[in-house]
Amino acid sequence: DQQVKQNSPSLSVQEGRISILNCDYTNSMFDYFLWYKKYPAEGPTFLISISSIKDKNEDGRFTVFLNKSAKHLSLHIVPSQPGDSAVYFCAASGSSGTYKYIFGTGTRLKVLA
Amino acid sequence: DTGVSQDPRHKITKRGQNVTFRCDPISEHNRLYWYRQTLGQGPEFLTYFQNEAQLEKSRLLSDRFSAERPKGSFSTLEIQRTEQGDSAMYLCASSLAGGFNEKLFFGSGTQLSVL
């Protein structure tokens with residue numbers, strides 16, 4: 001069963017505009033969420049995280065929003081830049097009992113110049 | 001700054017052969033993870049270690065897969081009697097246990113092709 005879902009396999013955005021990537025989860029035990037970016041032939045690199053005690057976390061152009069009641073999180077990138085073109089994965093973990101991270105299937109973002 | 005290092009980067013093998021991959025984590029990190037990624041999918045959890053103890057294995061991991069982390073430093077992942085379905089990118093990640101501040105740092109992966 002896919003506990004972390006990214007239902008949009010791809011997204012195209014014009015440079016300078018906002019990119020919104022979405023992620024849904026099913027396991028209510030998840031309380032820590034991360035976003036990773038992946039370029040071809042490289043491992044994923046950490047972008048931003050959020051714990052369940054918050055509903056928003058910002059780091060520069062990247063903001064993650066968490067809606068616990070909807071079991072939904074989103075990553076906002078503003079303004080989008082061509083270098084942001086990559087595959088984005090959300091990941092979730094439960095801090096009690098297990099520390100493994102479950103990843104979604106990814107969304108390929110293309111920022112058009 | 002030495003990140004997570006994986007060796008080899010690429011491995012081509014024939015079906016039925018055994019392969020072994022190595023991962024060197026960031027030196028002060030006490031947790032080490034193995035993931036597998038196939039085309040169009042996200043990284044799939046295989047197993048993780050805290051120091052030298054293997055704390056969890058995916059139920060999807062067959063008996064042909066074994067991982068070790070002697071002395072809590074580098075780790076090896078061995079696949080015995082490889083099958084074509086084992087073809088994937090094998091990713092290693094490490095972290096410093098720290099609750100909500102924990103971040104996984106990934107290596108560049110080992111791309112396995114089983115012919």
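Residue numbers start from 1 in every chain, and the chains themselves are labelled A, B, ... in the order their sequence lines are given, proteins ahead of strands. This structure is a prediction, so every number in the text was calculated from the model and none was measured.
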Checklist entry - Would you say B:Lys103 has more than 12 foreign heavy atoms packed within less than 6.0 Å of its NZ? => result yes
Next on the checklist: Other residues, nucleotides and ligands only: do more than 12 of their heavy atoms fall within 6.0 Å of CZ on A:Arg61?
Outcome noted: yes
Next on the checklist: Run the salt bridge (charged side-chain N to carboxylate O under 4.0 Å, His left out) test on B:Glu44 and B:Arg36 for me, step by step, so that the C-alpha distance in whole Å, both residues' side-chain angles and the decisive distance to 0.1 Å come before the verdict.
Outcome noted: CA-CA 5 Å; B:Glu44 176 190 26; B:Arg36 174 174 64 190; 3.2 Å; yes
Item to check | Winner by heavy-atom pair count (cut-off under 4.5 Å) against chain B, out of A:Arg108, A:Lys38, A:Gln6 | outcome: A:Lys38
Checklist entry - Among B:Cys92, B:Ser108, B:Gly40, who wins on heavy-atom pairs under 4.5 Å with chain A? => result B:Ser108
Item to check | Proximity breakdown for B:Gln37 and chain A, heavy-atom pairs closer than 4.5 Å | outcome: side chain
Item to check | Inter-residue atom distance A:Trp35.CH2 - A:Ile50.CD1, 0.5 Å rounding | outcome: 11.5 Å
